[in-house]
Amino acid sequence: MTRSFREKLIRKAFFGFAAVSIIFLLLIILFLFREALPTFQFVSIGRFIFGMEWYPTYEPPEFGIWPLIVGSLVVTSFSTLIAVPLGVLSAIYISEIAPPAVKEILKPAIELLAGLPSVVLGFFGMVVLAPWLQDTFDLPTGLNIVNASIMLAVMAIPTISSISEDALYSVPREFKEASYALGATRHETIVKVIVPAALSGISTAVILGMARAIGETMVVLMVAGGAAAVPESIFDSVRPMPASIAAEMGEAPFRSNHYHALFATGVVLLVLTLAFNFIADYVSHKFRETGSATL
Amino acid sequence: MRDGDIIVTQDVNFYYGSFRALTGVNISFEKNRVTALIGPSGCGKSTLLRLLNRMNDFIEQTRVEGKVLFEGRNIYDPEVDPVEIRRRIGMVFQKPNPFPKSIFNNIVYGPRLAGGMSRTDLESLAERSLKQAVLWDEVKDILGQSAMMLSGGQQQRLCIARALAMKPDVLLMDEPTSALDPISTAKIEELMEGLKKDYTIIIVTHNMQQAARVSDYTGFFYLGRLIEFNRTGKIFTTPDMKQTEDYITGRFG
Ligand SMILES: Nc1ncnc2c1ncn2[C@@H]1O[C@H](COP(=O)(O)OP(=O)(O)O)[C@@H](O)[C@H]1O
Ligand SMILES: [Mg+2]
(Lines give C-alpha, C1' and ligand atoms only; values in the text may rest on other atoms or scores of the structure.)
(Ligands and ions follow the chains in the order given, each with its own letter.)
Protein backbone atom coordinates (compact mmCIF):
# COMPACT_ATOMS: atom_id res chain seq x y z
CA MET A 1 0.00 0.00 0.00
CA THR A 2 1.55 3.29 -1.00
CA ARG A 3 1.64 6.14 1.45
CA SER A 4 -0.54 8.41 -0.62
CA PHE A 5 -3.11 5.67 -0.99
CA ARG A 6 -3.13 5.14 2.76
CA GLU A 7 -3.53 8.87 3.33
CA LYS A 8 -6.45 8.89 0.96
CA LEU A 9 -8.02 5.94 2.69
CA ILE A 10 -7.70 7.53 6.10
CA ARG A 11 -9.21 10.73 4.85
CA LYS A 12 -12.12 8.85 3.34
CA ALA A 13 -12.66 6.92 6.55
CA PHE A 14 -12.81 10.09 8.62
CA PHE A 15 -15.16 11.65 6.13
CA GLY A 16 -17.33 8.55 6.44
CA PHE A 17 -17.52 8.84 10.21
CA ALA A 18 -18.33 12.52 10.00
CA ALA A 19 -20.96 11.83 7.38
CA VAL A 20 -22.72 9.24 9.54
CA SER A 21 -23.87 11.80 12.06
CA ILE A 22 -25.12 14.11 9.32
CA ILE A 23 -26.98 11.26 7.69
CA PHE A 24 -28.60 10.37 10.98
CA LEU A 25 -29.62 13.96 11.52
CA LEU A 26 -31.13 14.18 8.06
CA LEU A 27 -32.97 10.87 8.46
CA ILE A 28 -34.44 11.94 11.75
CA ILE A 29 -35.59 15.27 10.38
CA LEU A 30 -37.02 13.56 7.30
CA PHE A 31 -38.90 11.09 9.46
CA LEU A 32 -40.14 13.84 11.78
CA PHE A 33 -41.53 15.84 8.89
CA ARG A 34 -43.06 12.83 7.17
CA GLU A 35 -45.00 11.93 10.28
CA ALA A 36 -45.86 15.54 11.07
CA LEU A 37 -47.11 16.77 7.71
CA PRO A 38 -50.42 14.82 7.65
CA THR A 39 -51.47 16.94 10.63
CA PHE A 40 -52.21 19.83 8.33
CA GLN A 41 -54.81 17.83 6.44
CA PHE A 42 -57.14 17.99 9.43
CA VAL A 43 -56.06 21.28 11.03
CA SER A 44 -54.64 24.45 9.50
CA ILE A 45 -51.17 25.58 10.49
CA GLY A 46 -52.65 28.72 12.04
CA ARG A 47 -55.16 26.83 14.14
CA PHE A 48 -52.57 24.29 15.11
CA ILE A 49 -50.05 26.82 16.38
CA PHE A 50 -52.38 29.49 17.71
CA GLY A 51 -55.32 27.31 18.71
CA MET A 52 -56.08 27.76 22.40
CA GLU A 53 -57.34 24.24 23.04
CA TRP A 54 -55.52 20.99 23.14
CA TYR A 55 -58.09 18.18 23.46
CA PRO A 56 -56.65 15.53 21.17
CA THR A 57 -58.87 12.72 22.46
CA TYR A 58 -62.21 14.55 22.63
CA GLU A 59 -64.94 14.14 20.09
CA PRO A 60 -64.49 16.28 18.04
CA PRO A 61 -60.81 16.70 18.97
CA GLU A 62 -59.03 20.07 19.25
CA PHE A 63 -55.43 20.36 18.13
CA GLY A 64 -54.32 23.81 19.26
CA ILE A 65 -50.85 23.80 20.80
CA TRP A 66 -50.64 27.45 21.79
CA PRO A 67 -50.95 26.60 25.51
CA LEU A 68 -48.09 24.11 25.09
CA ILE A 69 -45.91 26.64 23.28
CA VAL A 70 -46.63 29.22 25.96
CA GLY A 71 -45.88 26.62 28.61
CA SER A 72 -42.51 25.89 27.05
CA LEU A 73 -41.63 29.54 26.59
CA VAL A 74 -42.70 30.50 30.10
CA VAL A 75 -40.70 27.83 31.91
CA THR A 76 -37.73 28.45 29.62
CA SER A 77 -37.80 32.19 30.26
CA PHE A 78 -38.13 31.86 34.01
CA SER A 79 -35.45 29.23 34.22
CA THR A 80 -33.19 31.50 32.17
CA LEU A 81 -33.89 34.33 34.57
CA ILE A 82 -32.70 32.12 37.41
CA ALA A 83 -29.88 30.30 35.64
CA VAL A 84 -28.16 33.21 33.91
CA PRO A 85 -27.10 35.15 36.99
CA LEU A 86 -26.12 32.01 38.85
CA GLY A 87 -24.33 30.41 35.90
CA VAL A 88 -22.50 33.54 34.77
CA LEU A 89 -21.55 34.65 38.27
CA SER A 90 -20.23 31.24 39.17
CA ALA A 91 -18.21 31.20 35.95
CA ILE A 92 -16.74 34.59 36.84
CA TYR A 93 -16.03 33.40 40.34
CA ILE A 94 -14.35 30.20 39.16
CA SER A 95 -12.28 31.76 36.41
CA GLU A 96 -11.28 35.05 38.01
CA ILE A 97 -11.73 35.12 41.74
CA ALA A 98 -11.73 31.74 43.44
CA PRO A 99 -8.53 30.64 45.13
CA PRO A 100 -7.21 27.41 43.57
CA ALA A 101 -8.45 25.24 46.44
CA VAL A 102 -12.03 26.48 46.13
CA LYS A 103 -11.88 26.20 42.37
CA GLU A 104 -10.87 22.58 42.65
CA ILE A 105 -14.06 21.79 44.54
CA LEU A 106 -16.47 24.09 42.77
CA LYS A 107 -15.65 23.19 39.18
CA PRO A 108 -16.23 19.42 39.52
CA ALA A 109 -19.32 20.09 41.61
CA ILE A 110 -20.90 22.09 38.82
CA GLU A 111 -19.85 19.49 36.28
CA LEU A 112 -21.46 16.85 38.45
CA LEU A 113 -24.66 18.86 38.36
CA ALA A 114 -24.58 18.52 34.58
CA GLY A 115 -24.25 14.78 34.96
CA LEU A 116 -27.29 14.35 37.21
CA PRO A 117 -29.92 12.29 35.39
CA SER A 118 -32.88 14.55 34.75
CA VAL A 119 -35.23 12.00 36.26
CA VAL A 120 -33.41 12.46 39.55
CA LEU A 121 -33.91 16.19 39.35
CA GLY A 122 -37.55 15.65 38.48
CA PHE A 123 -37.91 13.37 41.44
CA PHE A 124 -36.40 15.98 43.73
CA GLY A 125 -38.80 18.56 42.33
CA MET A 126 -41.75 16.29 42.95
CA VAL A 127 -40.90 15.03 46.39
CA VAL A 128 -39.09 17.97 47.97
CA LEU A 129 -39.78 21.19 46.13
CA ALA A 130 -43.44 20.61 45.26
CA PRO A 131 -44.70 19.99 48.83
CA TRP A 132 -42.64 22.89 50.09
CA LEU A 133 -44.07 25.26 47.46
CA GLN A 134 -47.55 24.00 48.14
CA ASP A 135 -47.29 24.60 51.90
CA THR A 136 -45.38 27.86 51.74
CA PHE A 137 -47.61 29.58 49.22
CA ASP A 138 -50.78 27.71 50.08
CA LEU A 139 -51.32 26.37 46.57
CA PRO A 140 -53.54 23.62 45.19
CA THR A 141 -50.40 22.00 43.73
CA GLY A 142 -46.67 22.46 43.92
CA LEU A 143 -46.23 21.07 40.41
CA ASN A 144 -46.20 24.34 38.51
CA ILE A 145 -44.22 26.93 36.56
CA VAL A 146 -42.06 27.92 39.51
CA ASN A 147 -41.09 24.36 40.28
CA ALA A 148 -40.32 23.51 36.65
CA SER A 149 -38.36 26.73 36.15
CA ILE A 150 -36.21 26.09 39.20
CA MET A 151 -35.45 22.53 38.20
CA LEU A 152 -34.72 23.53 34.59
CA ALA A 153 -32.45 26.27 35.87
CA VAL A 154 -30.50 23.67 37.80
CA MET A 155 -30.06 21.81 34.52
CA ALA A 156 -29.07 24.90 32.54
CA ILE A 157 -26.60 26.30 35.08
CA PRO A 158 -23.77 23.87 34.26
CA THR A 159 -24.12 24.56 30.54
CA ILE A 160 -24.12 28.30 31.04
CA SER A 161 -21.36 28.19 33.61
CA SER A 162 -18.92 26.01 31.73
CA ILE A 163 -19.30 27.76 28.36
CA SER A 164 -19.05 31.18 30.02
CA GLU A 165 -15.99 30.01 31.85
CA ASP A 166 -14.28 29.06 28.58
CA ALA A 167 -15.16 32.47 27.21
CA LEU A 168 -13.71 34.20 30.26
CA TYR A 169 -10.53 32.15 30.12
CA SER A 170 -10.00 33.09 26.51
CA VAL A 171 -9.92 36.82 27.26
CA PRO A 172 -6.31 37.71 26.46
CA ARG A 173 -4.10 38.29 29.46
CA GLU A 174 -2.95 41.50 27.81
CA PHE A 175 -6.32 43.13 28.41
CA LYS A 176 -6.22 42.33 32.08
CA GLU A 177 -2.67 43.57 32.42
CA ALA A 178 -3.55 46.79 30.63
CA SER A 179 -6.40 47.33 33.04
CA TYR A 180 -4.39 46.63 36.17
CA ALA A 181 -1.55 48.81 34.95
CA LEU A 182 -4.04 51.69 34.70
CA GLY A 183 -4.83 51.37 38.37
CA ALA A 184 -7.98 49.29 38.08
CA THR A 185 -8.84 46.90 40.88
CA ARG A 186 -9.59 43.28 40.19
CA HIS A 187 -13.29 43.90 40.56
CA GLU A 188 -13.18 46.84 38.14
CA THR A 189 -11.18 44.78 35.68
CA ILE A 190 -13.74 42.00 35.76
CA VAL A 191 -16.68 44.32 35.21
CA LYS A 192 -15.15 46.73 32.69
CA VAL A 193 -12.80 44.55 30.68
CA ILE A 194 -13.07 40.82 31.18
CA VAL A 195 -16.84 40.40 31.02
CA PRO A 196 -17.32 42.76 28.04
CA ALA A 197 -14.53 40.99 26.16
CA ALA A 198 -16.15 37.64 26.87
CA LEU A 199 -19.66 38.82 26.15
CA SER A 200 -20.12 36.98 22.86
CA GLY A 201 -19.14 33.71 24.50
CA ILE A 202 -21.36 34.41 27.48
CA SER A 203 -24.31 35.18 25.21
CA THR A 204 -23.72 31.94 23.39
CA ALA A 205 -23.66 30.16 26.72
CA VAL A 206 -26.96 31.70 27.73
CA ILE A 207 -28.67 30.78 24.49
CA LEU A 208 -27.38 27.22 24.56
CA GLY A 209 -28.56 26.98 28.16
CA MET A 210 -32.00 28.10 27.00
CA ALA A 211 -31.94 25.56 24.18
CA ARG A 212 -31.19 22.91 26.76
CA ALA A 213 -34.08 24.06 28.94
CA ILE A 214 -36.65 24.24 26.15
CA GLY A 215 -35.89 20.73 24.92
CA GLU A 216 -35.73 19.12 28.34
CA THR A 217 -38.49 16.56 28.74
CA MET A 218 -38.28 14.52 31.91
CA VAL A 219 -38.16 17.40 34.37
CA VAL A 220 -41.12 19.23 32.88
CA LEU A 221 -43.05 16.02 32.54
CA MET A 222 -42.62 15.38 36.24
CA VAL A 223 -42.92 18.79 37.83
CA ALA A 224 -44.72 21.23 35.50
CA GLY A 225 -48.15 19.91 36.45
CA GLY A 226 -49.41 19.09 32.97
CA ALA A 227 -52.29 21.55 32.53
CA ALA A 228 -52.74 22.34 28.84
CA ALA A 229 -53.95 25.87 29.40
CA VAL A 230 -52.33 29.26 28.99
CA PRO A 231 -51.18 30.11 32.54
CA GLU A 232 -52.34 33.19 34.38
CA SER A 233 -49.95 33.06 37.30
CA ILE A 234 -46.48 31.70 37.92
CA PHE A 235 -48.05 29.19 40.30
CA ASP A 236 -50.23 27.68 37.55
CA SER A 237 -49.47 24.30 36.09
CA VAL A 238 -48.37 24.12 32.47
CA ARG A 239 -47.78 21.47 29.86
CA PRO A 240 -44.65 22.29 27.88
CA MET A 241 -44.33 20.69 24.44
CA PRO A 242 -41.83 17.95 25.33
CA ALA A 243 -43.97 16.89 28.30
CA SER A 244 -47.02 16.69 26.11
CA ILE A 245 -45.27 14.58 23.51
CA ALA A 246 -43.76 12.22 26.05
CA ALA A 247 -46.95 11.80 28.02
CA GLU A 248 -49.27 11.21 25.07
CA MET A 249 -47.19 9.39 22.51
CA GLY A 250 -47.76 6.07 24.25
CA GLU A 251 -51.52 6.39 24.10
CA ALA A 252 -51.90 7.88 20.65
CA PRO A 253 -52.86 5.15 18.15
CA PHE A 254 -50.27 4.65 15.42
CA ARG A 255 -50.76 7.12 12.54
CA SER A 256 -53.88 8.57 14.12
CA ASN A 257 -54.55 12.30 13.99
CA HIS A 258 -53.33 12.59 17.54
CA TYR A 259 -50.11 10.79 16.61
CA HIS A 260 -49.46 13.13 13.68
CA ALA A 261 -50.25 16.18 15.80
CA LEU A 262 -47.66 15.12 18.36
CA PHE A 263 -45.04 14.85 15.62
CA ALA A 264 -46.02 18.30 14.41
CA THR A 265 -45.47 19.53 17.96
CA GLY A 266 -42.05 17.94 17.75
CA VAL A 267 -41.34 19.90 14.59
CA VAL A 268 -42.28 23.14 16.32
CA LEU A 269 -39.93 22.24 19.17
CA LEU A 270 -37.16 21.40 16.73
CA VAL A 271 -37.61 24.71 14.94
CA LEU A 272 -37.42 26.61 18.22
CA THR A 273 -34.30 24.75 19.33
CA LEU A 274 -32.65 25.31 15.96
CA ALA A 275 -33.55 28.97 16.19
CA PHE A 276 -31.76 29.18 19.53
CA ASN A 277 -28.71 27.53 18.06
CA PHE A 278 -28.66 29.81 15.05
CA ILE A 279 -28.98 32.84 17.27
CA ALA A 280 -26.13 31.55 19.41
CA ASP A 281 -24.00 31.06 16.33
CA TYR A 282 -24.90 34.45 14.94
CA VAL A 283 -24.20 36.25 18.19
CA SER A 284 -20.81 34.67 18.64
CA HIS A 285 -19.78 35.48 15.07
CA LYS A 286 -21.21 38.94 15.04
CA PHE A 287 -19.33 39.97 18.16
CA ARG A 288 -16.16 38.33 16.98
CA GLU A 289 -16.08 40.25 13.71
CA THR A 290 -16.42 43.63 15.31
CA GLY A 291 -14.26 42.74 18.27
CA SER A 292 -17.17 43.88 20.44
CA ALA A 293 -15.75 47.29 19.77
CA THR A 294 -18.42 49.57 21.05
CA LEU A 295 -18.77 47.94 24.43
CA MET B 1 21.03 57.74 46.47
CA ARG B 2 21.13 60.89 44.40
CA ASP B 3 18.88 63.79 45.20
CA GLY B 4 16.83 63.67 42.03
CA ASP B 5 16.12 59.95 42.19
CA ILE B 6 12.46 58.98 42.05
CA ILE B 7 12.82 55.19 42.22
CA VAL B 8 15.59 53.33 43.98
CA THR B 9 15.90 49.59 44.42
CA GLN B 10 17.93 48.23 47.33
CA ASP B 11 19.34 44.71 47.23
CA VAL B 12 16.38 43.36 45.32
CA ASN B 13 16.08 39.64 44.74
CA PHE B 14 13.10 38.26 42.87
CA TYR B 15 11.94 34.67 42.66
CA TYR B 16 9.55 32.81 40.38
CA GLY B 17 8.91 29.83 42.62
CA SER B 18 12.39 28.65 43.46
CA PHE B 19 13.98 30.24 40.40
CA ARG B 20 15.81 33.45 41.21
CA ALA B 21 15.30 35.86 38.32
CA LEU B 22 16.96 38.91 39.90
CA THR B 23 19.93 38.97 42.23
CA GLY B 24 21.03 41.88 44.40
CA VAL B 25 19.80 44.62 42.12
CA ASN B 26 20.66 48.15 43.23
CA ILE B 27 19.61 50.72 40.69
CA SER B 28 18.40 54.32 40.84
CA PHE B 29 16.19 56.10 38.38
CA GLU B 30 16.56 59.83 38.15
CA LYS B 31 13.52 62.03 37.86
CA ASN B 32 12.68 63.40 34.41
CA ARG B 33 15.33 61.31 32.73
CA VAL B 34 15.11 58.38 30.38
CA THR B 35 16.79 55.25 31.65
CA ALA B 36 17.26 52.30 29.35
CA LEU B 37 17.56 48.71 30.53
CA ILE B 38 19.43 46.47 28.12
CA GLY B 39 20.70 42.92 28.14
CA PRO B 40 20.15 39.59 26.45
CA SER B 41 16.76 37.86 26.49
CA GLY B 42 15.83 36.32 29.81
CA CYS B 43 18.23 38.43 31.87
CA GLY B 44 15.38 39.85 33.95
CA LYS B 45 14.68 43.25 32.37
CA SER B 46 10.92 42.76 32.19
CA THR B 47 10.90 41.24 35.64
CA LEU B 48 12.57 44.32 37.08
CA LEU B 49 10.26 46.67 35.20
CA ARG B 50 7.16 44.88 36.43
CA LEU B 51 8.55 44.95 39.93
CA LEU B 52 8.50 48.74 39.88
CA ASN B 53 4.70 49.02 39.62
CA ARG B 54 3.86 45.75 41.32
CA MET B 55 2.61 44.05 38.17
CA ASN B 56 4.37 40.90 39.31
CA ASP B 57 1.73 40.67 42.04
CA PHE B 58 -0.46 38.88 39.51
CA ILE B 59 1.97 36.05 38.90
CA GLU B 60 1.48 33.23 41.34
CA GLN B 61 4.23 32.04 43.59
CA THR B 62 6.57 34.96 43.23
CA ARG B 63 8.59 36.54 46.01
CA VAL B 64 10.42 39.83 46.42
CA GLU B 65 13.30 40.50 48.74
CA GLY B 66 14.86 43.91 49.35
CA LYS B 67 13.25 47.30 48.91
CA VAL B 68 11.83 49.27 46.02
CA LEU B 69 11.65 52.89 47.12
CA PHE B 70 9.32 55.18 45.21
CA GLU B 71 9.80 58.74 46.45
CA GLY B 72 11.47 57.30 49.50
CA ARG B 73 8.70 54.87 50.41
CA ASN B 74 9.04 51.11 49.99
CA ILE B 75 6.22 50.08 47.64
CA TYR B 76 6.33 46.56 49.05
CA ASP B 77 5.41 47.72 52.55
CA PRO B 78 2.22 45.92 53.55
CA GLU B 79 0.28 49.16 54.03
CA VAL B 80 1.00 50.39 50.50
CA ASP B 81 -1.94 50.10 48.11
CA PRO B 82 -0.63 48.68 44.81
CA VAL B 83 -3.51 50.34 42.93
CA GLU B 84 -2.23 53.72 44.09
CA ILE B 85 1.26 52.81 42.89
CA ARG B 86 0.02 51.74 39.47
CA ARG B 87 -1.87 54.99 39.03
CA ARG B 88 1.35 56.91 39.53
CA ILE B 89 3.63 54.53 37.64
CA GLY B 90 2.17 53.79 34.23
CA MET B 91 3.14 51.00 31.90
CA VAL B 92 3.33 50.36 28.17
CA PHE B 93 3.69 46.76 27.09
CA GLN B 94 5.66 45.02 24.39
CA LYS B 95 2.60 44.08 22.40
CA PRO B 96 0.10 46.89 21.84
CA ASN B 97 -2.88 45.98 24.00
CA PRO B 98 -5.73 48.42 23.49
CA PHE B 99 -9.06 47.30 24.89
CA PRO B 100 -11.69 46.24 22.38
CA LYS B 101 -13.45 49.52 23.04
CA SER B 102 -13.61 52.86 21.25
CA ILE B 103 -10.49 55.01 21.04
CA PHE B 104 -12.03 57.51 23.43
CA ASN B 105 -13.05 54.87 25.95
CA ASN B 106 -9.55 53.42 25.85
CA ILE B 107 -8.03 56.75 26.81
CA VAL B 108 -10.44 57.60 29.59
CA TYR B 109 -10.58 54.09 31.04
CA GLY B 110 -8.22 54.79 33.93
CA PRO B 111 -9.31 58.36 34.74
CA ARG B 112 -12.96 57.34 34.70
CA LEU B 113 -12.28 54.63 37.28
CA ALA B 114 -10.28 57.06 39.37
CA GLY B 115 -13.40 59.21 39.29
CA GLY B 116 -14.17 62.86 39.83
CA MET B 117 -14.10 63.99 36.21
CA SER B 118 -16.90 65.41 34.11
CA ARG B 119 -17.46 64.51 30.50
CA THR B 120 -15.78 67.74 29.34
CA ASP B 121 -12.83 67.09 31.64
CA LEU B 122 -12.47 63.65 30.11
CA GLU B 123 -12.73 65.03 26.60
CA SER B 124 -10.00 67.57 27.11
CA LEU B 125 -7.88 64.99 28.90
CA ALA B 126 -8.28 62.64 25.93
CA GLU B 127 -7.24 65.39 23.55
CA ARG B 128 -4.23 66.34 25.65
CA SER B 129 -3.08 62.74 26.03
CA LEU B 130 -3.51 61.95 22.35
CA LYS B 131 -1.53 65.07 21.46
CA GLN B 132 1.24 64.05 23.81
CA ALA B 133 1.35 60.67 22.12
CA VAL B 134 1.34 62.39 18.70
CA LEU B 135 -1.78 60.55 17.66
CA TRP B 136 -4.37 63.31 17.86
CA ASP B 137 -4.27 64.38 14.23
CA GLU B 138 -4.74 60.84 13.02
CA VAL B 139 -7.69 59.95 15.24
CA LYS B 140 -9.45 63.15 16.20
CA ASP B 141 -12.33 62.44 13.84
CA ILE B 142 -12.74 58.78 14.72
CA LEU B 143 -12.64 58.82 18.52
CA GLY B 144 -15.80 56.75 18.67
CA GLN B 145 -14.43 53.95 16.53
CA SER B 146 -12.88 50.75 17.75
CA ALA B 147 -9.25 50.95 18.76
CA MET B 148 -8.81 47.55 17.16
CA MET B 149 -9.04 49.14 13.71
CA LEU B 150 -5.87 51.17 14.19
CA SER B 151 -2.53 50.01 12.85
CA GLY B 152 -0.05 48.43 15.24
CA GLY B 153 1.97 51.62 15.53
CA GLN B 154 -1.14 53.69 16.16
CA GLN B 155 -2.33 51.17 18.73
CA GLN B 156 0.95 51.45 20.60
CA ARG B 157 0.75 55.24 20.61
CA LEU B 158 -2.82 54.88 21.85
CA CYS B 159 -1.51 52.73 24.68
CA ILE B 160 1.01 55.42 25.50
CA ALA B 161 -1.72 58.06 25.45
CA ARG B 162 -3.83 55.83 27.67
CA ALA B 163 -1.03 55.55 30.19
CA LEU B 164 -0.38 59.30 30.03
CA ALA B 165 -4.04 60.05 30.70
CA MET B 166 -3.46 58.86 34.24
CA LYS B 167 -0.92 61.69 34.61
CA PRO B 168 1.64 59.31 36.04
CA ASP B 169 5.02 60.38 37.39
CA VAL B 170 6.83 57.47 35.86
CA LEU B 171 6.28 55.64 32.59
CA LEU B 172 7.57 52.10 32.28
CA MET B 173 7.97 50.84 28.71
CA ASP B 174 8.76 47.20 28.01
CA GLU B 175 10.21 46.96 24.50
CA PRO B 176 7.47 49.28 23.24
CA THR B 177 8.65 49.20 19.63
CA SER B 178 9.76 45.62 19.21
CA ALA B 179 6.50 44.68 17.48
CA LEU B 180 6.49 47.73 15.21
CA ASP B 181 7.84 48.77 11.83
CA PRO B 182 10.71 51.30 11.58
CA ILE B 183 8.49 54.27 10.82
CA SER B 184 6.23 53.63 13.82
CA THR B 185 9.33 53.07 15.91
CA ALA B 186 10.76 56.43 14.86
CA LYS B 187 7.48 58.12 15.75
CA ILE B 188 7.50 56.63 19.21
CA GLU B 189 11.12 57.55 19.83
CA GLU B 190 10.28 61.06 18.73
CA LEU B 191 7.36 61.39 21.09
CA MET B 192 9.47 60.07 23.97
CA GLU B 193 11.73 63.03 23.40
CA GLY B 194 8.78 65.31 24.08
CA LEU B 195 7.71 63.42 27.20
CA LYS B 196 11.09 63.60 28.89
CA LYS B 197 10.64 66.97 30.51
CA ASP B 198 7.48 65.92 32.36
CA TYR B 199 7.98 62.24 33.01
CA THR B 200 10.52 59.81 34.27
CA ILE B 201 10.80 57.09 31.63
CA ILE B 202 12.26 53.66 32.10
CA ILE B 203 12.48 51.71 28.89
CA VAL B 204 13.49 48.14 28.27
CA THR B 205 14.89 47.67 24.82
CA HIS B 206 16.52 45.04 22.75
CA ASN B 207 17.68 47.59 20.30
CA MET B 208 21.04 49.08 21.23
CA GLN B 209 20.72 52.02 18.83
CA GLN B 210 17.41 52.83 20.42
CA ALA B 211 18.93 52.86 23.89
CA ALA B 212 21.73 55.08 22.64
CA ARG B 213 19.28 57.45 20.92
CA VAL B 214 16.64 57.91 23.58
CA SER B 215 18.20 57.43 26.98
CA ASP B 216 20.27 59.45 29.43
CA TYR B 217 21.26 56.47 31.55
CA THR B 218 21.63 52.82 30.70
CA GLY B 219 21.72 49.72 32.88
CA PHE B 220 23.13 46.53 31.48
CA PHE B 221 21.76 43.28 32.93
CA TYR B 222 23.09 39.80 32.60
CA LEU B 223 21.66 36.68 34.24
CA GLY B 224 19.54 38.63 36.69
CA ARG B 225 22.30 40.95 37.83
CA LEU B 226 22.90 44.60 37.09
CA ILE B 227 26.36 44.46 35.57
CA GLU B 228 26.85 48.12 34.81
CA PHE B 229 24.92 51.34 35.25
CA ASN B 230 26.25 54.49 33.66
CA ARG B 231 25.50 57.51 31.54
CA THR B 232 24.37 56.26 28.16
CA GLY B 233 27.17 58.09 26.37
CA LYS B 234 29.74 56.38 28.54
CA ILE B 235 28.24 52.89 28.30
CA PHE B 236 28.24 53.00 24.54
CA THR B 237 31.71 54.41 24.17
CA THR B 238 33.89 53.40 27.10
CA PRO B 239 32.04 50.96 29.32
CA ASP B 240 33.65 50.04 32.62
CA MET B 241 32.91 46.34 32.38
CA LYS B 242 34.23 43.89 29.84
CA GLN B 243 30.85 42.07 29.69
CA THR B 244 29.07 45.30 28.78
CA GLU B 245 31.50 45.94 26.00
CA ASP B 246 31.11 42.41 24.68
CA TYR B 247 27.35 42.75 24.62
CA ILE B 248 27.33 46.18 23.03
CA THR B 249 29.75 45.20 20.34
CA GLY B 250 27.63 42.18 19.59
CA ARG B 251 30.07 39.56 20.76
CA PHE B 252 27.29 37.78 22.62
CA GLY B 253 23.59 38.02 23.44
N1 LIG C 1 5.95 34.09 34.82
C2 LIG C 1 7.16 33.51 34.92
N3 LIG C 1 7.30 32.34 35.58
C4 LIG C 1 8.51 31.75 35.69
N5 LIG C 1 9.64 32.24 35.19
C6 LIG C 1 9.58 33.40 34.52
C7 LIG C 1 8.34 34.10 34.36
N8 LIG C 1 8.58 35.23 33.66
C9 LIG C 1 9.91 35.24 33.41
N10 LIG C 1 10.51 34.15 33.92
C11 LIG C 1 11.94 33.83 33.86
O12 LIG C 1 12.67 34.87 34.48
C13 LIG C 1 13.80 35.19 33.71
C14 LIG C 1 13.77 36.66 33.34
O15 LIG C 1 12.72 36.88 32.46
P16 LIG C 1 12.35 38.31 31.88
O17 LIG C 1 12.35 39.29 33.00
O18 LIG C 1 11.11 38.19 31.10
O19 LIG C 1 13.59 38.57 30.93
P20 LIG C 1 13.80 39.67 29.81
O21 LIG C 1 12.65 40.62 29.84
O22 LIG C 1 15.10 40.30 30.15
O23 LIG C 1 13.89 38.95 28.52
C24 LIG C 1 13.80 34.26 32.52
O25 LIG C 1 14.70 33.20 32.79
C26 LIG C 1 12.40 33.78 32.42
O27 LIG C 1 12.37 32.47 31.92
MG1 LIG D 1 11.20 41.02 28.39
Side-chain angles (χ1 to χ4, degrees), chain A residues 92-107 164 166-205 283-295, chain B residues 49-50 52-61 81-115 142 144-150 155 158-159 162-168 171-174 179:
Chain A
I92 291 173
Y93 182 71
I94 290 172
S95 69
E96 301 298 328
I97 301 170
V102 178
K103 185 150 74 180
E104 256 163 52
I105 298 171
L106 206 56
K107 216 170 128 69
S164 300
D166 291 343
L168 290 165
Y169 277 130
S170 65
V171 173
R173 214 187 60 175
E174 286 82 11
F175 292 170
K176 304 180 197 177
E177 289 197 320
S179 172
Y180 290 131
L182 290 163
T185 61
R186 182 195 288 239
H187 161 250
E188 289 165 341
T189 302
I190 290 171
V191 174
K192 306 272 178 177
V193 173
I194 300 176
V195 170
L199 207 57
S200 75
I202 293 174
S203 318
T204 309
V283 167
S284 70
H285 277 91
K286 168 111 183 152
F287 277 113
R288 199 167 305 147
E289 275 160 25
T290 57
S292 50
T294 50
L295 292 165
Chain B
L49 205 65
R50 298 166 58 93
L52 304 181
N53 67 341
R54 295 197 53 173
M55 283 301 283
N56 284 333
D57 287 14
F58 300 106
I59 305 174
E60 314 242 318
Q61 294 183 329
D81 178 8
V83 165
E84 206 47 53
I85 298 298
R86 291 186 205 112
R87 284 188 183 158
R88 298 197 49 203
I89 306 182
M91 188 160 210
V92 176
F93 298 82
Q94 183 165 2
K95 201 174 132 212
N97 58 353
F99 298 122
K101 299 175 187 284
S102 70
I103 294 172
F104 180 77
N105 284 337
N106 262 278
I107 303 281
V108 301
Y109 178 83
R112 223 181 227 159
L113 289 178
I142 54 166
Q145 289 185 26
S146 172
M148 298 315 218
M149 301 175 4
L150 299 175
Q155 288 187 3
L158 178 68
C159 292
R162 186 174 66 181
L164 294 175
M166 290 302 290
K167 303 192 175 147
L171 196 58
L172 308 174
M173 305 175 104
D174 192 350

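In what follows, chains carry the letters A, B, and so on, assigned in the order in which the sequence lines appear, proteins first and then strands, with residues in each chain numbered from 1.
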Query - chain B contact via Lys192(A) - which portion, at a heavy-atom distance below 4.5 Å - result: both
Report task. Taking all non-hydrogen atoms of both residues into account, name the closest pair between Arg87(B) and Leu182(A) and its distance. Result -> CG-O, 4.4 Å
Report summary line: One should read off an interatomic distance between Asn97(B) CG and Arg173(A) CZ, to the nearest 0.5 angstrom, of 10.5 Å
Query - Closest heavy-atom pair and its distance - Gly183(A), Val83(B) - result: O-CG1, 3.2 Å
Report task. Check each atom of Pro98(B) against the heavy atoms of chain A and say whether the ones under 4.5 Å are side chain, backbone, both or neither. Result -> backbone
Query raised in the report: Are side-chain heavy atoms of Val193(A) and Tyr109(B) found at a separation under 4.5 Å?
Result: yes
Query raised in the report: For the residue pair Phe175(A) and Phe99(B), does the interplanar ring angle fall in the parallel (under 30°), tilted (30 to 60°) or perpendicular (over 60°) class?
Result: perpendicular
Requested in this report: For the pair Glu177(A) and Arg50(B), find out whether any cationic side-chain nitrogen is under 4.0 Å from an anionic carboxylate oxygen.
Outcome: yes
Query raised in the report: Which pair of heavy atoms, one from Lys101(B) and one from Pro196(A), lies closest together, and at what distance?
Result: NZ-CG, 4.5 Å
